[in-house]
J.: 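Input: one structure, supplied below.
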Amino acid sequence: MVPKMRESMPQTPIFPSMLGSTCSGQVQPEMGEQCGDPVYQDGNLVSGSLEALIERLVPTVDYYPDRTYIFTFLLSSRVFIHPHEILAKVGHICIKQKQQLEAGAEADKAKLKYFAAKIIQLLREWTETFPFDFQDERARKELKEIAQRITQCDEENGTIKKSISQMTQNVLLALSTRGQYQEIREKIRQPVADKGTILKTKPQPSQKDILSVCADPLVLAQQLTTIELERLGNIYPEDLMQVISHMDCLDNHKCRSDVTKTYNLEAYDNWFNCLSMLVATEICRVVKKKQRTRVMEFFIDVARECFNIGNFNSMMAIISGMNLSPVARLKKTWSKVKTAKFDVLEHHMDPSSNFCNYRTALQGATQRSQSANSSREKIVIPVFNIFIKDIFFLHKIHSNCLPNGHINFKKFWEISRQIHDFLTWKEVECPFEKDKKIQTYLLTTPIYSEEALFVASFENEGPDNHMEKDSWKSLRSTLLNRA
């Protein structure tokens, strides 16, 4: 979940000005000396040793790290070190600070309590933003040890003990919820080609099609948006950082044993492929050209409504489905389609200049979302493959560490900003009511395999050049041999 503002302590807004001067927060001069002098540029933290960055994470009586730094460090540090190891180091620093305060005058009891409250706030932000760091029993053990030390600072009224108890319960609840989702996901996670029953023959007249289930493009676009937001809700910041971990594994020809499979990302990517194949299936399965033309124009209108909503991922999936070879080759059908709207959509998704047109539209949707008063105007669903490629690009062109051994924190500021934008978008409450009939159709209706799509396409419009004739001949031969 996106970190929430707390009234108990002053906080700076997270990423207030695209990594502007307030991103790094204020660091006490003496703290810079203690933690090995991290490097700053225009007031922003750009690099530092791992030990220095961990020191900067831990509050003191006079200092508390801003939310931007907490989010960025906890997100990016997993590239270098396990969360339970960070917790152990945090615990060690806490012991040193507690001992210094206990060695002072009697008046330092108030400071001890204030220091404890700050540590609890840090742990609360950590457990709320990255609860799945605590799936590891070692992390839970370190959390418990820190909690035991901190509760000694407030033995009189037990306020801190109550806060820790509530925080622990919330972590266990979050882990339980995700565990239940993982069990369901494991049962339904299938490659697109194996989803449901693959149709390889022409549909029966009584079989439903998309227009018989939903003939309103806006309604279908809204239902696609509810599915998108539901799937986005199951993607967490650490899932996105796993992309980097997997890249490093491939680059180094070895994998850390704790790098989990990115099932949530795979499931979302499979949804995109399923939607593309569903669009192609709905078009190719129609025998009559007039009806096929109508289905094509319907999906063009659905894609346009998705664009207006801010659902760029479904829009791209629909366009991709209509550009698959079995659909694209239906020249007689396309000649009857009013393609002006489709041309506009393709312009928005033109890959030239690194998807410049799409990025302009995404920026417009983001600005609308930031000033929106209603949930409908807040919806921003990026093209997920492009979003992941952007993180990949940032990771590949910038090194994790500088020649002096410092962590290149400037790189992780930018990656973390992009991921935080994504988290903000996924937290938007869906304003559309679920239609069970439509969603069941979208999620469970059988789709054609690529081979079946070509069969249906050639049966609807025969091959019109030598290459297509050879392909059709080879395909029929393969089918006959199977029979």
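For this chain, numbers begin at 1 and follow the sequence in order. Since we're looking at a predicted model, the values are computed, not measured.
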J.: Side chain of S212, backbone of D209: donor and acceptor closer than 3.5 Å?
T.: yes

J.: Before you tell me yes or no, could you show the steps for N170 and Q166 under side chain to side chain donor-acceptor pair (under 3.5 Å), namely the whole-Å CA-CA distance, both residues' side-chain angles and the distance that decides it to 0.1 Å?
T.: CA-CA 6 Å; N170 291 341; Q166 184 62 52; 3.1 Å; yes

J.: Check the angle between the aromatic planes of H82 and H84 and answer parallel, tilted or perpendicular using the 30° and 60° thresholds.
T.: parallel

J.: Does the plane of the ring in F80 sit parallel, tilted or perpendicular to the ring in F412? Use 30° and 60° as the thresholds.
T.: perpendicular

J.: Determine whether T293 and W334 make a side-chain contact, defined as any pair of heavy atoms from C-beta on separated by less than 4.5 Å.
T.: no

J.: Do the side chain of R292 and the main chain of I283 share a donor and acceptor less than 3.5 angstrom apart?
T.: no

J.: Should E414 and K411 count as an ion pair when the cut-off is N to O under 4.0 Å?
T.: no

J.: Could you tell me which non-hydrogen atom of V383 sits nearest to which non-hydrogen atom of Y358, and how far apart they are?
T.: N-OH, 2.8 Å

J.: Any donor-acceptor pair under 3.5 Å linking the side chain of S49 with the backbone of A52?
T.: yes

J.: Is the gap between the ring centers of F422 and F387 under 6.0 Å?
T.: yes

J.: Would F71 and F130 count as a close aromatic pair, with their ring centres under 6.0 Å?
T.: yes

J.: Quick check on R294: does its CZ atom have over 12 non-hydrogen neighbours (other residues, nucleotides or ligands) under 6.0 Å away?
T.: no

